Each structure stands twice: as C-alpha cells, then as structure tokens.
**Student:** 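Attaching a single structure in structure tokens format; questions to follow.
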Amino acid sequence: MLENQFVPKDHESQIYEFWLKHDLFKGDANSKAPTYTIVFPPPNVTGVLHMGHALTCTLEDILIRRKRMQGFNTLWIPGTDHAGIATQMVVERNLMKEEKKSRHDLGREKFLEKVWEWKAKSQETIIGQMKKMGGSFDWSRLAFTLDESVSLAVRECFFRLYNEGLVFRDTAITQWCPRCHTVLSDLEVKFKETPGKFWHIKYRLKGDPSQYLVVATTRPETLLGDTAVAVHPDDERFSAFHGKEVMVPLVARAVPIILDGYVDPAFGTGALKITPGHDPNDYLVGKKHNLPIINLMDKNAVLNQEAGPYQGLTREKARVKILEDLIEHDLLVKEEDHTHNIGHCDRCNTVVEPKVSAQWFVKAEELAKEAIRVVEKKEIKIIPEEWEKTYFEWMRNIRPWCISRQLWWGHRIPVWYCEKCEAVHVAVTAPISCTQCKHTQLRQDEDVLDTWFSSGLWPISTLGWPQQSQDLKTFYPTSVLETGFDILFFWVARMIMLGIKMTGKIPFDTVYLHPMVRDEHGQKMSKTKGNVVDPLEISDRLGTDALRFFLSWNAFHGRDMRVSEEGVESCKFFVNKIWNASRFVLMHFGDVKESNVDLSNEVNRWIWTRLNRVKEEVNRSLENYRFFEAAQAIYHFVWSEYCDWFIELIKSKEELEFRKQAKESTAIEVLEEALRLLHPFMPFVTEKLWQEMPIRDHSKISVSIAAYPIVDNTREFPKAEERLARVIRLVEQIRATRGVHQLSPAVEISLSVNSLVGDDLLNELIPFKELIKRVAKVKELTFEKKEYPKETHISVVTGEVKLFIPKEELGDLTQELTRKRKELEDKTEQLKRADEKLRNEKFMSSAPQAVKEGVQKRKVELKREVDALLQYLEDLA
RNA sequence: GGGCGCCUAGCUCAGUUGGUUAGAGCGCUGCCUUCACACGGCAGAGGUCACAGGUUCGAAUCCUGUGGCGCCCACCA
C-alpha cells in the first residue's frame with residue numbers, strides 16, 4: 001500500500017542510487033544500435049549550480065531519457081569547466097580574505113595548488129547537484145577541461161591551427177583589464193552608456209604659441225600619449241595648419257598635424273588627438289601614418305615613466321590633475337556634458353584600458369566560412385530558427401579572436417621560445433632543444449588560453465580526440481547541443497568552427513537554445529538583488545519532479561522564462577494528482593497481474609484512443625523541442641481525461657466491482673503507459689509508481705529503460721472517441737444548466753433529452769444512460785423524441801440536444817434570464833455573419849469545401865439555438 | 001548607428017502554410033468537508049489579438065506605417 005503522498009526527500013536519492021547501482025546510463029561504444037549523444041555544457045567550477053543549470057539538466061535529460069527508452073545507444077557526458085578568469089578571481093578573493101595574501105605572494109605553482117583544491121570541492125558539489133536534478137549522466141565519462149586528455153586535445157588543436165597559419169602572434173591593441181591583469185576578447189568587454197564630459201583643449205602651434213587649434217576629448221589624461229593631431233584634409237578651418245606641428249599641452253613635445261578622411265569634421269571640434277597607445281581607432285590611424293606608440297600605463301592602469309610628472313597617478317587621478325594644470329595654463333577652452341559608451345570587464349566590471357601588446361590570435365574569419373556554410377545548408381539546424389540570423393550576422397562580421405590571457409589558471413600556451421635565439425617553437429609536447437641553434441634552454445609562453453578555446457573543443461575532446469577512439473567513432477558527431485542563447489557566440493559558434501576544422505565533421509546537427517531564467521517579475525536573477533530562486537532549495541521542499549515539470553512546462557520558444565515558487569508548487573500538485581490516481585487504481589486493480597483489456601467496452605475504447613492522441617502529441621512535440629507542448633499534453637491527458645473522466649466513469653460500485661471481477665486491466669495499463677510517457681519529465685515519482693505496477697515489462701529493471709510509448713494502431717476507435725465526447729459534452733451541459741439554476745449538485749433532477757440532429761444520436765446515448773445519470777447526478781433520465789409542454793417543462797437547447805427539465809425542480813430564474821438575453825444577442829449577431837458569408841459569391845467560389853460546410857453547419861446550429869432561445873425567453877415570461 | 005525580436009484574458013504564454021465559435025496554466029467568482037486526491041471536484045466570469053491603413057470573399061496570422069518594450073552587435077574621438 002502506498003503512503004498518502006510522494007515524499008521527494010525520502011525517495012529521490014534512493015531511486016537515484018538504484019539507477020546507479022544497475023548502471024543504466026552508460027553509453028556503449030561497441031553497440032550497433034543508433035546513437036544519441038549530448039555533451040552537457042560544463043558548468044564553471046566557481047561555485048554552485050543555479051536555475052539555468054537546472055533547466056539545462058532537465059531539458060537534456062528529457063531528450064536523453066526518451067531516446068534511451070526508444071532503444072537508442074544514448075550517451076550524456078557530464079563535465080565541468082575550469083573557467084579561467086572566473087575561477088582564478090574567486091580563489092584570489094578567498095585567499096585575500098582568509099590569508100591576506102595575493103597570488104603573487106604564493107607564486108604560480110602554490111597558487112595553482114589552491115585552485116585545484118577549490119576545483120575539487122566545487123566539482124564535487126556540482127556533481128551532487130546534477131544527480132539531485134535526476135540527470136541520467138554517464139558518470140564513467142566525467143570530464144574536466146584541464147584533464148590531461150582534454151589538454152592534449154587543446155594543444156593538438158593549437159598546433160594544427162598554427163601550422164596552417166590560423167593561429168598567429170601579433171602586436172595589436174586589445175582591451176586590458178587592470179583588475180584581472182589580462183587582455184580580454186571582444187566578447188568579454190561589455191559597453192555601458194556612461195555620462196561623461198567632453199573637454200575642449202588648446203594645442204598651440206609650434207613656433208607660434210598665439211596660433212592654436214582646439215581638440216575635443218573625453219579622456220584628457222591620454223594626451224600625454226598623443227603622437228599626432230588629425231584633421232580632415234578638406235576641412236578649411238584647419239588649412240593653415242597643414243604640414244605644421246603643434247605642441248602637446250603640458251609636455252614640451254611637438255607632434256605633426258596629419259590629414260585623414262577618418263576624421264568627421266562635424267563631430268567635436270573637427271580636430272582629433274591621436275593616441276595610438278590607448279585608443280583602438282587611434283591605433284589604426286597611427287599605424288597608417290607610421291606614428292610612434294606611447295604606452296602610458298602599467299598593468300594596474302597607473303601612469304608610468306612615460307607620463308613624466310604624472311607618473312604614479314591612477315588614470316582617474318591623472319585626469320583630475322591634468323585638467324587642473326590645463327586650466328592653470330589657460331589651455332582648457334570649455335567643458336560639456338557628453339554621454340558615451342565605456343567598455344567594462346565582463347567579469348569584474350572594471351573599466352577596461354586599450355593597450356598595445358603582443359598576443360595570440362585565431363583567424364576566426366577563415367574558420368567562420370565553413371561554419372556559416374553548414375548552417376546555411378541546414379546541416380546544423382538552430383532552434384528557435386530566428387537565432388540563425390543573429391548567428392550569420394555575427395559570423396559574417398567576425399574579427400580575429402584573441403586567445404591569450406595573462407592568467408595562471410588555464411591551459412598554458414604550447415609555445416616555447418629559445419632563450420638564446422628567441423626562435424618560436426609550437427608543439428604538443430615541450431621540445432628538448434631549439435631547432436634553430438640547438439640551444440637547450442627553452443622558455444614556455446607565460447600566458448594561458450582563453451577558457452572558451454578549450455570549451456570550443458568539448459564535443460571532440462571529451463570523446464578522446466585527437467585519438468581515433470572508439471568513443472569518437474561511435475558517438476561523434478553528437479546529436480544536439482542544448483544551451484542558453486547567451487553563449488551562442490562564446491561557445492556554440494566556436495564549437496562549430498573548431499569541430500569542423502579538427503574533424504571535418506559538424507560537431508552536432510541541432511542547436512537548441514533555451515530561454516534565459518528570470519524571476520517572477522522578469523528580472524535577471526542575481527545575488528545582489530536577492531531574487532535568486534535556488535533550484536536545490538526548491539527541489540528539497542517541493543520535489544525535483546515538480547521543479548523539472550515546471551521548467552519543461554515553461555520551456556517555450558521565447559527569450560525569458562519566469563520562475564516562481566508558485567508555479568513549481570502547482571506542478572507539485574500534479575505530482576500529487578498522479579500519485580493519488582495511482583493509489584486509487586492500485587487499490588482496486590493492484591492484483592490484476594495479466595493484460596486483459598475489454599475492447600468491446602466503449603469507455604475503454606475511448607481512453608485507449610485518447611491515449612494514442614497524447615502519445616502522438618508528446619512524441620511530435622519532443623522531436624521539435626517543444627517541451628512546453630509535450631508537458632501540457634501529458635498534463636491534460638492525465639488530469640482532465642484519465643482522472644476527471646475515465647476514473648470517474650468507472651467509479652460506481654457496480655462498474656468497479658464488475659471490472660475487478662473480470663480482472664479488466666485498462667485502468668492499470670493506461671496508467672502504466674502514462675507513467676512511461678511522463679518519465680523523462682518526472683523521473684522519480686514515475687519510477688516509484690512504475691515499480692508498483694502489476695502489469696508491465698518485468699524484464700526491465702527500471703522504467704528508465706522501458707519502452708517509450710508509441711501509437712497502438714490496434715486501439716484506434718474514432719467512433720467510440722466521438723460517442724464519449726458526446727456523452728461528456730451532454731454531462732457538462734446538464735451540469736452547467738444545473739449551475740445556472742443554482743441547484744446544489746446534491747439535488748437530483750429529472751431530465752429528458754431530445755435530439756436535434758436525428759434519432760441516431762439518441763440511440764447512441766441510450767447505452768450510456770446509467771453512466772450519465774450517475775455522473776451528472778440525474779434522478780430520472782429519459783431519451784425521447786417528444787416535446788414537453790412549456791407549462792410544465794423548461795427546455796434548454798445545448799448544441800445537438802434539447803433538455804427538458806420539470807419546472808418545479810428549478811429554482812430562481814432571474815439571473816438566468818439576463819444571461820440568456822445576452823446569449824440571444826450574441827447568437828443572432830453570429831447567425832447574421834454566417835448568413836452573409838454564405839450569400840457572398842466570392843466566398844462560395846474560393847473558400848475550401850470544409851470551411852463552407854463548417855459555416856453551413858454552424859448556421860443551421862445557430863438558427864436552432866436562436867429559435868430555442870426565443871422560445872425559452874417567451875416561456876419564462 | 002546596424003541587426004533581431006516582442007505587444008493575444010488580471011499574470012505567464014500557445015495559436016505550424018490566412019479559413020468554422022482565438023486556447024492553456026495560474027489567478028479570480030460561485031457552489032460542494034462525494035468513500036484516490038481540498039495538493040480535491042463542479043460550474044462560471046474574463047479578450048474590438050498594441051494602434052492606423054492596405055491586400056483578400058475572409059487577417060491575431062500577410063504587407064506598410066505609428067507607438068511602446070526588450071535583446072544582440074558596433075563604439076566617432
């Protein structure tokens with residue numbers, strides 16, 4: 001006997017252990033069965049999982065579990081990501097808090113030990129959480145981006161790209177984070193609109209201080225690094241300055257006036273100071289005109305010796321001081337408000353500083369060509385489709401990808417420099433001696449790779465590449481890549497580029513991008529806002545099944561998904577509903593051990609047919625990644641059809657007794673199929689209940705490997721489906737009639753039903769007489785063609801039938817009157833429209849037959865209803 | 001500045017090539033302590049599909065424009 005409720009706390013971990021014990025989730029590299037593979041987007045080892053991870057876990061588990069039940073050789077690879085900057089920052093922060101030390105106090109080696117310790121702890125937590133979510137991962141293949149095998153793949157990839165000239169080292173201006181002490185890729189810089197000032201500064205002509213031009217800038221501190229002032233060649237205001245030099249204010253340095261069409265004469269003052277060392281655009285102009293580059297700042301963005309008297313000041317302080325000095329020397333013309341976009345570090349929100357340095361880059365535009373082609377040719381489908389446009393837009397404008405980072409935590413760049421001749425060696429393993437001068441002292445590049453470089457190889461590196469492993473042969477290309485759209489460029493695009501380049505094959509054929517998790521008001525969840533809904537806490541209290549069902553129910557093709565505790569709670573009610581329906585069915589049919597389905601019974605025929613419909617819907621929806629539709633379809637079937645109607649229809653003492661005696665198994669078998677259908681969504685409760693089912697495939701130890709339901713063509717009974725639909729409609733209409741007359745459901749009424757569409761309908765309804773009487777709480781029920789006199793009966797027309805109810809059994813009718821008058825108005829209007837349509841020649845000649853028939857049918861129906869309403873109102877009056 | 005998307009019931013969202021009466025869940029209202037479940041049952045109210053034009057026999061759906069909202073990319077100092 002099952003307890004009153006499914007208590008997640010008591011059951012979930014036990015059930016998960018049961019799955020693990022029987023090793024049900026392993027991918028078989030030697031299997032001949034069709035494969036279905038997903039690599040789980042590896043969470044950062046920075047802490048704990050949030051709702052977004054819970055969503056990923058849920059959706060991927062649904063896909064994987066269903067395919068596993070369908071007999072696919074499934075593999076779902078779990079793993080974690082070292083997450084370069086993010087993790088290093090967390091550990092640095094802790095180190096400072098706990099030991100008051102910086103990473104430099106420890107040194108590279110000791111610091112990395114600390115990070116590894118942190119990683120071990122964090123990974124353990126994350127794995128526990130993935131298990132708690134019920135994820136059917138193949139734990140034997142657990143991977144980490146810094147595992148030796150993955151690192152080998154990373155070095156191999158770098159090596160191959162370098163040899164093809166697709167990885168190169170270049171001196172370029174990149175964004176530097178003075179807090180993280182590393183360069184960032186374009187994607188890691190977020191621009192924010194910030195109010196600032198526009199300062200107009202005098203640059204005096206060399207040799208004639210009375211002459212000057214005015215330059216406008218938002219960053220006066222960078223004037224120390226100016227190496228030119230540019231004006232538009234056609235700008236006549238400055239023609240007197242052509243070919244001359246001006247003095248950089250405050251420092252006694254002459255710089256040339258250069259002419260460049262890049263300058264917009266209409267913007268600012270039309271004269272532009274050029275600081276190639278600290279502005280990306282100036283850098284390009286400087287390169288074109290061969291201007292010297294002055295690097296003004298150190299790694300902390302503090303001004304260095306190049307800044308002369310300003311050395312030692314931060315960017316911010318230098319600005320203040322320089323402005324003071326400009327005023328003092330009468331060089332500041334004016335100051336105006338100016339809002340502009342300033343780049344911030346994606347990780348730590350520090351204002352970035354453009355800086356010139358030597359870095360490693362990937363020629364992304366080369367790799368993008370194929371990556372664009374495969375999506376154009378639909379070899380890779382992106383769902384929802386509108387993301388394809390965004391993908392193309394980005395890929396077609398892609399720029400070199402800066403992959404070196406000045407961090408300690410990550411894949412060391414596989415490049416060695418000869419200490420003697422500085423020759424560059426790129427290799428998978430450390431070379432022993434210099435290929436140029438045979439010198440044996442080689443120094444490895446200090447930098448590490450962008451964390452996304454290793455993530456970009458994830459589908460192949462976790463399967464053993466560059467080895468031609470059995471795993472790679474069996475499981476690659478993988479099937480679907482499921483993740484949030486926020487990392488489409490960071491991750492998905494790079495996997496496509498690198499996967500194709502390294503293997504010649506696409507890494508997956510489908511990309512499914514799920515919505516972003518928001519709080520119930522649509523706000524981004526964040527710790528500082530305090531609106532974080534913790535998936536583990538929710539699943540502890542309300543159950544993992546409820547959380548998972550909620551997440552799939554809300555996984556529609558939008559951009560935001562709002563998570564509220566209320567929503568999860570209503571899913572918990574659904575868990576409870578299935579649990580109790582199962583209790584009821586087991587209570588009565590628990591000892592029915594063999595399949596014995598009475599297919600002559602109309603109610604059975606109906607529920608089996610309905611079951612086929614929901615199977616169809618669920619399978620179709622999941623094939624199209626429409627999780628919300630699948631979840632809704634099962635919810636509706638279980639609750640509204642199986643519980644509200646099927647169980648209610650068989651619930652009478654006699655019917656139940658009869659079925660039990662006959663050991664009729666429909667109730668139990670339909671439920672069992674529903675459990676299998678639902679299992680990918682709610683693995684725990686369905687496993688528990690499935691184990692209780694007396695009739696099922698006992699050769700399968702767990703529902704997770706039982707067959708996923710498919711349509712049973714031998715159990716299609718459209719006639720019964722239609723008949724029961726009529727019965728249901730009639731019962732609903734009787735109840736509604738009772739409702740508007742404010743009759744207590746307990747009061748039984750007498751009723752006569754008269755068909756409006758012919759005798760066949762009555763004949764069809766007659767066999768269900770007792771059923772209808774019971775379910776609709778009707779004392780006397782007759783099916784008659786006869787019309788009752790209005791002195792004694794009220795007649796109500798509802799669709800295909802006319803109900804006659806003895807007047808004395810009905811209560812107050814005033815409310816009813818108003819309601820019916822309104823109804824009459826509406827129906828008359830509708831009737832008019834239908835009539836107009838049918839008179840319209842063009843409609844009659846061009847509308848599809850089905851539509852015309854529908855309108856015709858509707859018109860007849862409306863006519864009938866309007867007439868009935870008129871009569872009804874007359875009767876009452 | 002460039003691109004993408006959204007606006008449907010109080011809320012969150014479905015609505016697949018234009019076609020019969022625009023749906024669901026939650027919430028709301030009324031009634032019901034019915035023996036699986038009050039985490040329940042039954043019934044009900046609630047929408048001129050953002051707005052304005054256009055195409056069409058017919059538009060939530062297609063086109064144009066307007067308004068509002070959101071996201072992504074770029075970063076003219």
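Residue numbers start from 1 in every chain, and the chains themselves are labelled A, B, ... in the order their sequence lines are given, proteins ahead of strands. All of these numbers come straight from a predicted model, not from anything done at the bench.
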**Student:** Any donor and acceptor pair, going by atom type alone, linking the side chain of A:R659 with main-chain N or O of A:F589 inside 3.5 Å?
**Tutor:** no
**Student:** Given B:rU34, B:rA43, B:rA77, identify the nucleotide with an atom nearest to the side chain of A:V263.
**Tutor:**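 Between B:rU34, B:rA43, B:rA77, the one nearest the side chain of A:V263 would be B:rA77.
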**Student:** Closest nucleotide of RNA chain B for A:K857 versus for A:Y262: which of these residues is on the 5' side?
**Tutor:**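 Between the two, 5'-proximity favours A:K857.
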**Student:** Assess the pair A:W639 and A:Y635: is the distance between their ring centroids shorter than 6.0 Å?
**Tutor:**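 Between A:W639 and A:Y635, the centre distance is under 6.0 Å.
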**Student:** B:rC76, B:rG40, B:rC26: which one has an atom nearest the side-chain heavy atoms of A:D264?
**Tutor:** B:rC76
**Student:** Verify, without hydrogens or angle tests, whether A:D346 (side chain) and A:E188 (backbone) share a donor-acceptor contact under 3.5 angstrom.
**Tutor:** no
**Student:** With sugar-phosphate meaning primed atoms plus P, OP1 and OP2, does A:E648 contact a base, only sugar-phosphate, or nothing at under 4.0 Å between heavy atoms?
**Tutor:**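 If one applies the 4.0 Å heavy-atom cut-off, A:E648 turns out to touch a base.
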**Student:** Would you indicate what A:R399 reaches in the nucleic acid, counting non-hydrogen atoms under 4.0 angstrom: base, sugar-phosphate, or nothing?
**Tutor:** sugar-phosphate
**Student:** With heavy atoms under 4.0 Å as the rule, sort A:K651 into base, sugar-phosphate or nothing.
**Tutor:** base
**Student:** Need one value for A:N397: base, sugar-phosphate or nothing, where a base atom within 4.0 Å counts as base even if backbone is also close, heavy atoms only.
**Tutor:**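 Since no nucleic acid heavy atom lies under 4.0 Å of A:N397, the category is nothing.
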**Student:** Nearest 0.5 Å please: distance from the CZ atom of A:R735 over to the CD atom of A:E732.
**Tutor:** 7.0 Å
**Student:** For B:rG5, does OP1 or OP2 lie under 4.0 Å from any side-chain N or O of A:K389?
**Tutor:**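 So the side-chain polar atoms of A:K389 do come within 4.0 Å of the phosphate oxygens OP1 or OP2 of B:rG5, strictly under.
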**Student:** Report the distance from atom CG of A:L831 to atom CZ of A:R833, rounding to the nearest 0.5 Å.
**Tutor:**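 Nearest 0.5 Å value for the CG-CZ distance: 10.5 Å.
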**Student:** Rounding to an integer number of angstrom, what distance separates B:rU61 and B:rC6 when you compare their P atoms?
**Tutor:** 13 Å
**Student:** Atom CG of A:N554 to atom P of B:rC11: distance rounded to whole Å?
**Tutor:** 16 Å
**Student:** Taking only side-chain nitrogens and oxygens of A:R626, does any of them come within less than 4.0 Å of OP1 or OP2 of B:rG15?
**Tutor:**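 It does, given that an N or O in the side chain of A:R626 lies less than 4.0 Å from OP1 or OP2 of B:rG15.
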**Student:** B:rA36 P sits how many Å from A:E3 CD, rounded?
**Tutor:** 18 Å
**Student:** Please give the nucleotide sitting opposite B:rA60 as a Watson-Crick or G-U wobble pair, both distances under 3.5 Å, or none.
**Tutor:**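 Its partner: none found.
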**Student:** Go ahead and name the base partner of B:rG30; Watson-Crick or wobble counts if both distances stay under 3.5 Å, otherwise write none.
**Tutor:** B:rC42
**Student:** Considering only the P atoms, how many Å lie between B:rG23 and B:rU48, rounded to the nearest integer?
**Tutor:** 15 Å
**Student:** Within the 3.5 Å criterion, strictly below it, is a donor on A:H588 or A:K660 matched to an acceptor on the partner's side chain?
**Tutor:** yes
**Student:** Using a 4.0 Å heavy-atom cut-off, does A:H636 contact any base of the nucleic acid, only the sugar-phosphate backbone, or nothing at all?
**Tutor:**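 No contact.
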**Student:** On the nucleotide B:rA36, are OP1 or OP2 found under 4.0 Å from the side-chain N or O atoms that A:Y642 carries?
**Tutor:** no
**Student:** Counting only side-chain nitrogens and oxygens, does A:N281 get under 4.0 Å of the OP1 or OP2 atom of B:rC76?
**Tutor:** yes
**Student:** Identify which nucleotide among B:rU21, B:rC42, B:rU12 has an atom closest to any side-chain atom of A:R562, counting heavy atoms from C-beta outward.
**Tutor:**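 From the listed options, B:rU12 comes nearest.
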**Student:** From the list B:rA36, B:rG19, B:rC75, which nucleotide is the closest neighbour of the side chain of A:N341?
**Tutor:**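 Looking only at heavy atoms from C-beta outward on A:N341, the closest nucleotide is B:rC75.
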**Student:** Given the P atoms of B:rU12 and B:rU17, what is the spacing between them in whole Å?
**Tutor:** 25 Å
**Student:** Output the rounded distance in Å from CD (A:Q632) to P (B:rG23).
**Tutor:** 15 Å
**Student:** Given atom CZ of A:R839 and atom C1' of B:rG58, what is their separation to the nearest angstrom?
**Tutor:**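 One finds 18 Å between C1' of B:rG58 and CZ of A:R839, rounded.
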**Student:** Whole angstrom is fine here: how far is it from CG in A:L838 over to C1' in B:rG19?
**Tutor:** 13 Å
**Student:** Under 4.0 Å, counting only non-hydrogen atoms across every strand here, what does A:F574 touch: a base, just sugar-phosphate, or nothing?
**Tutor:**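 Since no nucleic acid heavy atom lies under 4.0 Å of A:F574, the category is nothing.
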**Student:** Suppose we define a pair by two distances each less than 3.5 Å, Watson-Crick or G-U wobble; what does B:rA36 pair with here?
**Tutor:**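 Because no pair has both required distances under 3.5 Å, B:rA36 counts as unpaired.
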**Student:** Counting only side-chain heavy atoms from C-beta out, which of B:rC13, B:rC37, B:rA77 sits nearest to A:T217?
**Tutor:**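 It is B:rA77.
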**Student:** The side chain of A:L187 is closest to which nucleotide in this list: B:rG25, B:rA14, B:rC73?
**Tutor:** B:rC73
**Student:** Looking only at side-chain atoms of A:D186, point me to the closest of B:rU34, B:rA74, B:rC42.
**Tutor:**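 The nucleotide sitting nearest to the side chain is B:rA74.
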**Student:** Within the pair A:R858 and B:rU21, is there a side-chain N or O less than 4.0 Å away from OP1 or OP2?
**Tutor:** no
**Student:** Within the 4.0 Å heavy-atom criterion, would you say A:T218 contacts the bases, only the backbone, or no part of the nucleic acid?
**Tutor:**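 Contact class for A:T218: sugar-phosphate only.
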**Student:** Return no unless some side-chain N or O of A:W199 is found under 4.0 Å from OP1 or OP2 of B:rA77.
**Tutor:**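 False: A:W199 side-chain N/O out of range (4.0 Å or more) of B:rA77 OP1/OP2.
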**Student:** Looking at the side chain of A:F573, which of B:rG5, B:rA77, B:rC39 is the nearest nucleotide?
**Tutor:** B:rC39
**Student:** I'd like to know if A:D337 pairs up with A:K197 as an ion pair, taking the criterion as any Lys NZ or Arg NE/NH1/NH2 lying under 4.0 Å from an Asp or Glu carboxylate oxygen.
**Tutor:**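 Yes, this pair counts.
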**Student:** Starting from P on B:rC6, measure out to CE on A:M516 and report it in whole angstrom.
**Tutor:** 19 Å
**Student:** Roughly how far, to the nearest 0.5 Å, is the CD atom of A:E655 from the CD atom of A:E657?
**Tutor:** 11.0 Å
**Student:** Salt bridge or not for A:R219 and A:E353, using N-O below 4.0 Å?
**Tutor:**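 Yes, this pair counts.
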**Student:** When you get a sec, tell me which of B:rG5, B:rA77, B:rC72 is the closest nucleotide to the side chain of A:F489?
**Tutor:** B:rC72
**Student:** Can you check the distance between B:rA60 and B:rU21, where both ends of the measurement are the P atom (answer in whole Å)?
**Tutor:**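 About 11 Å, rounded to a whole number of Å.
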**Student:** Taking atom P of B:rA36 as reference, at what distance in whole Å does atom CD1 of A:I647 sit?
**Tutor:**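 Atom CD1 in A:I647 sits about 10 Å away from atom P in B:rA36.
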**Student:** Please determine if a side-chain N or O atom of A:K190 lies less than 4.0 Å away from the OP1 or OP2 oxygen of B:rC73.
**Tutor:** yes
**Student:** Under 4.0 Å, heavy atoms only, any strand: does A:W387 hit a base, just the sugar-phosphate, or nothing?
**Tutor:** nothing
**Student:** In terms of the angle between their ring planes, are A:H11 and A:W579 parallel, tilted or perpendicular, with boundaries placed at 30° and 60°?
**Tutor:** tilted
**Student:** Which nucleotide, in any strand shown, forms a Watson-Crick or G-U wobble pair with B:rC69, with both distances under 3.5 Å?
**Tutor:**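 Base-paired to B:rG5.
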**Student:** Does any nucleotide pair with B:rA24 by Watson-Crick or G-U wobble geometry, both distances under 3.5 Å, and what is it?
**Tutor:** B:rU12
**Student:** Suppose you measure atom C1' in B:rU29 against the same atom in B:rC49; what distance do you get, rounded to whole Å?
**Tutor:** 25 Å
**Student:** Base, sugar-phosphate alone, or nothing: which one does A:H278 contact when heavy atoms must sit under 4.0 Å apart?
**Tutor:** nothing
**Student:** Taking the nucleotide of RNA chain B with the closest heavy atom to each, which residue, A:N4 or A:E566, is nearer the 5' end?
**Tutor:**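 Result of the comparison: A:E566.
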**Student:** Which is true for A:E388 with a 4.0 Å heavy-atom rule: it touches a base, it touches only sugar-phosphate, or it touches nothing?
**Tutor:**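 Nothing, no nucleic acid heavy atom in range.
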**Student:** Within the modelled atom types, does a donor on one side and an acceptor on the other bring the side chain of A:Q5 and the base of B:rC39 under 3.5 Å apart?
**Tutor:**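 For A:Q5, whose side chain was compared with the base of B:rC39, there is a donor-acceptor pair (under 3.5 Å).
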**Student:** When the distance from CD of A:Q856 to C1' of B:rC57 is rounded to whole Å, what number comes out?
**Tutor:** 16 Å
**Student:** The side chain of A:A736 lies closest to which of these nucleotides: B:rA77, B:rA43, B:rC42?
**Tutor:** B:rA43
**Student:** Any donor-acceptor pair, under 3.5 Å, between the side chain of A:K577 and the base of B:rC39, if you only look at N and O atoms?
**Tutor:**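 No, the side chain and the base share no sub-3.5 Å donor-acceptor pair.
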